[in-house]
Visitor: 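Dropping a structure here in structure tokens format, bear with me for questions.
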Number of protein chains: 2
Amino acid sequence: MADRITAQLAFLTEADKLKSTLRATTLCDASRRENSGEHSWHIALYAMVMAEHAVRPVQIDRVIKMLLIHDIVEIDAGDAPIHGDHDPAAQEAIEQAAADRIFGLLPADQADAFRALWDEFEAAQTDDAVFAKSIDRVQPVIANLETGGGTWPTYNVTPAQLETRVGAKVTRGAPAIWAALKARIDRWFLQNT
Amino acid sequence: MADRITAQLAFLTEADKLKSTLRATTLCDASRRENSGEHSWHIALYAMVMAEHAVRPVQIDRVIKMLLIHDIVEIDAGDAPIHGDHDPAAQEAIEQAAADRIFGLLPADQADAFRALWDEFEAAQTDDAVFAKSIDRVQPVIANLETGGGTWPTYNVTPAQLETRVGAKVTRGAPAIWAALKARIDRWFLQNT
């Protein structure tokens, strides 16, 4: 028992570092950039509130667990902004190594279970993972809308790019949410570009 | 449907402010004070990892949901440090009003469900709430141990106070975790006071 607790606390203490991984998006009051720890809390809350809009029924407890661990590899890999120009293959290799290292801090049975949940999220094939991925894309859109466009002007994002990079993914898991966002997004681009 | 999404996003956008509520404890690298948003993520992860140590079996999905919303009233009420000298009755009145206002942003059915879950956490009577409260007390201890005592010297905390204010609460829900922490805490006080 004591050995298990030691290993679990080693993982949880390592996880603390996710609070120092900065994302491209800011808080809704634009006061500073968001970190991946608080982002993970916020989207778990998004999923808890918006589960009813999943395109197919989900097990919300599994979705929430996925979202709590979905970004933990960023402790080693950093955040790759969706509108940035990183190399996806190189990023994936770094993230796989990070998953090996970080989940490997846990007792073996938990390391396997957490890794399987993270792999499921990354593969985005099950209903739970598809919805989780959708929700992960919604929150930054809100942050951008709340901050006068946020990172869109920075990255010269067009409505068409937003539709491909974000809209298609949100629609796959939660079409009603994208429909609601689309109206606000269209209004923003009409007024600001 | 559109009205529900509008209300849900109003709640979720308000929740963003929890990322600006600062706590007494710092990150494990002592680089800055922790905020209540990232703290909520971290303890939800703690619960997910350490559920097996609950003194009685818990429904971990309910525990995680409780922890995701447990601090949201701090948007209005601020964080009351466990070793500080706030007035508990005044703090509770402010938190009740905050719960009315913030959960009240949600569609009525969800406002009731979230409020009931928060009330259950606050009352600390059910097995799920007792374990959730225990876990909420564990993470700051680790942050203090990782940062050379952290807030303990600031508040002149004694081992006896720590036992009463923290140990009793952790032990109530997760005695094995407190036993593991106690050894590290005793060693710290022996070496530093």
Side-chain angles (χ1 to χ4, degrees), chain A residues 1-2 4-9 11-20 27-29 31-32 34-50 52-53 59-62 64-65 67-69 72 106-107 110 114 138-139 142-143 145-146 174 176-177 179-181 183-184, chain B residues 1-2 4-9 11-20 27-29 31-32 34-50 52-53 59-62 64-65 67-69 72 106-107 110 114 138-139 142-143 145-146 174 176-177 179-181 183-184:
Chain A
M1 174 94 82
R4 282 186 72 83
I5 292 178
T6 301
Q8 288 164 338
L9 289 177
F11 168 80
L12 290 163
T13 302
E14 182 68 20
D16 196 76
K17 295 179 183 167
L18 194 59
K19 301 168 189 168
S20 299
L27 302 194
C28 287
D29 65 2
S31 58
R32 62 171 173 82
E34 190 186 32
N35 71 62
S36 294
E38 62 200 2
H39 161 75
S40 297
W41 162 71
H42 207 180
I43 61 169
L45 190 64
Y46 262 78
M48 181 175 161
V49 169
M50 304 195 96
E52 66 188 278
H53 306 298
Q59 294 182 53
I60 190 60
D61 59 316
R62 297 190 75 247
I64 289 173
K65 287 177 179 174
L67 291 174
L68 290 175
I69 63 166
I72 217 158
L106 286 163
Q110 288 189 308
F114 279 51
V138 170
Q139 183 250 356
I142 298 292
L145 284 168
E146 292 286 325
I177 299 177
L181 291 182
R184 289 177 65 180
Chain B
M1 175 93 85
R4 282 186 74 83
I5 293 178
T6 301
Q8 289 164 337
L9 289 177
F11 169 80
L12 290 164
T13 302
E14 183 68 18
D16 195 77
K17 294 178 183 168
L18 195 60
K19 301 169 189 168
S20 299
L27 302 194
C28 287
D29 65 2
S31 58
R32 62 171 172 82
E34 189 186 32
N35 71 62
S36 294
E38 61 200 2
H39 161 75
S40 297
W41 162 71
H42 207 181
I43 61 169
L45 189 64
Y46 262 77
M48 181 175 162
V49 168
M50 306 196 95
E52 67 189 274
H53 307 299
Q59 295 182 53
I60 191 58
D61 58 318
R62 297 190 75 247
I64 289 173
K65 286 177 180 176
L67 292 173
L68 290 175
I69 63 167
I72 217 158
L106 286 163
Q110 289 189 308
F114 279 53
V138 170
Q139 183 249 355
I142 298 293
L145 285 167
E146 292 286 328
I177 298 177
L181 292 182
R184 288 178 64 181

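So you know, we letter chains A, B, ... as the sequences are listed, proteins then strands, and number each from 1.
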Visitor: Chain B heavy atoms under 4.5 Å from A/Ala180: which part of the residue, side chain, backbone, both or neither?
Guide: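 Just the side chain, heavy atoms under 4.5 Å.
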Visitor: Would you check if there is a donor-acceptor pair between the side chains of B/Lys19 and A/His42 at a distance under 3.5 Å?
Guide: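 Per modelled atom types, A/His42 and B/Lys19 side chains form a pair under 3.5 Å.
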Visitor: Check for a donor-acceptor pair, side chain of B/Glu38 on one end and backbone N or O of A/Asn35 on the other, with a separation under 3.5 Å.
Guide: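 No, B/Glu38 side chain to A/Asn35 backbone: no donor-acceptor pair under 3.5 Å.
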Visitor: Tell me which of these, A/Arg62, A/Glu34, A/Lys17, A/Gln8, has more heavy-atom pairs under 4.5 Å with chain B than the rest.
Guide: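 Max contact count across the listed options: A/Gln8.
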Visitor: Between A/Leu106, A/Ile60, A/Leu18, which has the largest tally of heavy atom pairs under 4.5 Å with chain B?
Guide: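 Greatest number of close heavy-atom pairs with chain B: A/Leu18.
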Visitor: List for me each residue that meets side chain to side chain contact (heavy atoms under 4.5 Å, CB included) alongside A/Glu146, sequence neighbours excluded, and say none if there are none.
Guide: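 A/Cys28, A/Ile142, A/Arg184, B/Thr13.
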Visitor: Quick one: which of A/Ser36, A/Ala176, A/Gly37 has the most heavy-atom pairs under 4.5 Å with chain B, could you say?
Guide: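 Heavy-atom pairs under 4.5 Å are most numerous for A/Gly37.
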Visitor: So, for A/Trp41 and B/Ala15, which heavy atoms are closest and what is the spacing to 0.1 Å?
Guide: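 In terms of heavy atoms, the two residues are closest at CH2-O, 3.3 Å.
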Visitor: To the nearest 0.5 Å, tell me how far A/Asp61 CG sits from B/Gln59 CD.
Guide: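 If we round to the nearest 0.5 Å, A/Asp61:CG and B/Gln59:CD are 10.0 Å apart.
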Visitor: Looking only at heavy atoms and a cut-off of under 4.5 Å, which of B/Leu12, B/Leu9, B/Leu67, B/Leu68 has the most pairs with chain A?
Guide: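 Top option by heavy-atom pairs under 4.5 Å: B/Leu12.
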Visitor: Out of B/Phe11, B/Phe114, B/Tyr46, which one racks up the most heavy-atom pairs below 4.5 Å with chain A?
Guide: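 So the answer, after comparing B/Phe11, B/Phe114, B/Tyr46, is B/Tyr46.
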Visitor: Report yes if some heavy atom in the side chain of B/Gln110 is under 4.5 Å from a heavy atom in the side chain of A/Glu52; otherwise report no.
Guide: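 Yes, their side chains come closer than 4.5 Å.
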Visitor: List the residues meeting side chain to side chain contact (heavy atoms under 4.5 Å, CB included) with B/Ser20, not counting sequence neighbours, and say none if there are none.
Guide: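 With neighbours one apart ignored, the set is A/Leu27, A/Asp29.
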